[in-house]
2 protein chains.
Amino acid sequence: MARWEPNARGRLEDAALDLFTERGYDKTTIAEIAQRAGLTERTFFRHFTDKREVLFGGSAHLHDVLVGAVAGAPAGAPPLTVVASALEQVGTLFEERRSFARRRQAAIKANAELLERELVKLAGLAEALDAALRARGTAEGPASVAAETGIALFRAAFTSWIAADDAADLSEYIRAAFARLHALALASSPK
Amino acid sequence: MARWEPNARGRLEDAALDLFTERGYDKTTIAEIAQRAGLTERTFFRHFTDKREVLFGGSAHLHDVLVGAVAGAPAGAPPLTVVASALEQVGTLFEERRSFARRRQAAIKANAELLERELVKLAGLAEALDAALRARGTAEGPASVAAETGIALFRAAFTSWIAADDAADLSEYIRAAFARLHALALASSPK
DNA sequence: GTAGGCGATGTCAGTCTCTGACATCAAGAC
DNA sequence: GTCTTGATGTCAGAGACTGACATCGCCTAC
């Protein structure tokens, strides 16, 4: 057998979320997380720069998928359409993970430091979206509006999805959010 | 003479900005800041919840002025106009403080933790603007768009003002930013 | 098939942020 | 003049994070 159990990082993430759920973020020490994962405090900091980062490791992946999806969208597609389909693609990553997402979101909501970090991560995603759009030729104004709007809708969809108890995928919630925006835009645009 | 020199909080803020400028945020300890201010580390934490907060104490004041200005705007005024004039009012608070703002912004830009905190503060201002608009009857959608747009323009204006070397007030930069937005909107709106 | 390089982890010691409990002291209230 | 109060100081300690160095199994080169 291997010298070390595999997936140290994943074990740390699981242990951390469990402990945060059980007793809260600031009542949990890194030593405890590491111990539950069968590792050392020092090793925790080799995998995560920060105590908070243990809940945000996945965002790098989101980032990559998002940027890739925008880059791979058909050439002529309008910015908001590109953003919508990129976000739907991201949504599929969350299949079968609703209960995990729920627990994670509950932990974040309960702590100001974690909320702060989440805000930063979302801003980072918006910036990445913006840059990816501009890289495919979208002009500055439309790119930033589409990026910000997209992230705002993503957040709204995510919240509804977490709260809901149906069988729907996150992607469907995202699609619905964009549809609603589209309807609003049509209804309000001066003709 | 008084037992303690007056304005402990201000002295801490000054000492902190000086030290951050001289040697950087994370090469500066709180003990050093306190010592330069003629105080104790423990006292620092009575004035600021956080090491970072020493650079953001002013944002509570901005918050109040902003909310007050929105509440005091003429009843019929459209949301974006209200936001613009509230932000111009805030801009006047910065008169004669450009070099301070410049040093502060340089320190923030040089450190990820400080950038994170600034992002949070700006988001808080946007939220407050939104709430203040809704309190005077603005509908949800327009309120949040006006708030977010306003903060975005404020940030842009602030950056230009910091960078510029003219005699103009921050308020003038804010006015100009809104004028530019207005022109863009007219040019793009379908007739 | 063995020597050594390499990568993941452990150990240890230390710095710094942040907190709680309690002491001190001047200024104003009465 | 005593008493209360608010701002500060002192002390001790927990916990986040870092740097330096040790360990140990796997893999490659020879």
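Note that the coordinates shown come from a computational prediction; the quantities given were computed from them, not determined experimentally. Numbered from 1 within each chain, the chains take letters A, B, ... in sequence-line order.
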On the nucleotide C/dT9, are OP1 or OP2 found under 4.0 Å from the side-chain N or O atoms that A/His47 carries? yes

Consider the side chain of A/Arg46, meaning its heavy atoms from C-beta on, and name the nucleotide among D/dC21, D/dG9, D/dC17 that approaches it most closely. D/dC21

Select one nucleotide: of C/dC22, C/dC18, D/dA16, the one nearest the side-chain heavy atoms of A/Glu41. D/dA16

Side chain to side chain contact (heavy atoms under 4.5 Å, CB included) with B/Phe94: of B/Leu62, B/Ile162, B/Ile174, only one passes, and it is B/Leu62

Taking only the side-chain heavy atoms of B/Arg42 (C-beta and beyond), determine which of C/dT9, D/dT18, C/dT19 contains the nearest atom. C/dT19

Both B/Arg11 and A/Thr29 contact DNA chain D. Taking the nearest nucleotide for each, which residue is further toward the 5' end? B/Arg11

Taking only the side-chain heavy atoms of B/Phe45 (C-beta and beyond), determine which of D/dA16, C/dT17, D/dT8 contains the nearest atom. C/dT17

Using the six-membered ring wherever Trp is involved, compare the ring planes of B/Phe154 and B/Phe158 and label them parallel, tilted or perpendicular (cut-offs 30° and 60°). parallel

Looking at every strand, decide which applies to A/Thr43 at a 4.0 Å heavy-atom threshold: base, sugar-phosphate, or nothing. sugar-phosphate

Check the distance between D/dA16's P and A/Asn111's CG and give it to me in whole angstrom. 12 Å

Nucleotide D/dA7, atom P - distance to CZ of B/Arg9 in whole Å: 12 Å

Identify whether NZ of Lys or CZ of Arg in B/Arg104 sits under 6.0 Å from the centre of the six-membered ring of B/Phe56 and within 45° of that ring's axis. yes

Using whole Å, what does the distance between atom C1' of nucleotide D/dG9 and atom CG of B/Leu12 come to? 14 Å

Gap between atoms CD1 and C1', on B/Ile33 and C/dC16 respectively (whole Å): 12 Å

Could you state the CZ-C1' distance from A/Arg117 to D/dA16, rounded to the nearest angstrom? 13 Å

At 4.0 Å (heavy atoms only), tell me whether A/Ala31 reaches a base, stays on the sugar-phosphate, or touches nothing. nothing

Nearest heavy atoms of A/Trp161 and A/Leu170, plus distance in Å: NE1-N, 3.4 Å

Euclidean distance, atom CD of residue B/Glu32 to atom P of C/dC16 [Å, nearest integer]: 8 Å

Flag yes if A/Leu122 and A/Val70 sit in one hydrophobic cluster, no otherwise; membership is Ile, Leu, Val, Met, Phe, Trp, Tyr, and two members link when side-chain heavy atoms are under 4.5 Å apart. yes

Atom CD of B/Glu113 and atom C1' of D/dA16: how far apart are they, to the nearest Å? 11 Å

Interatomic distance where CZ belongs to A/Phe44 and P belongs to D/dC17 [whole Å]: 8 Å

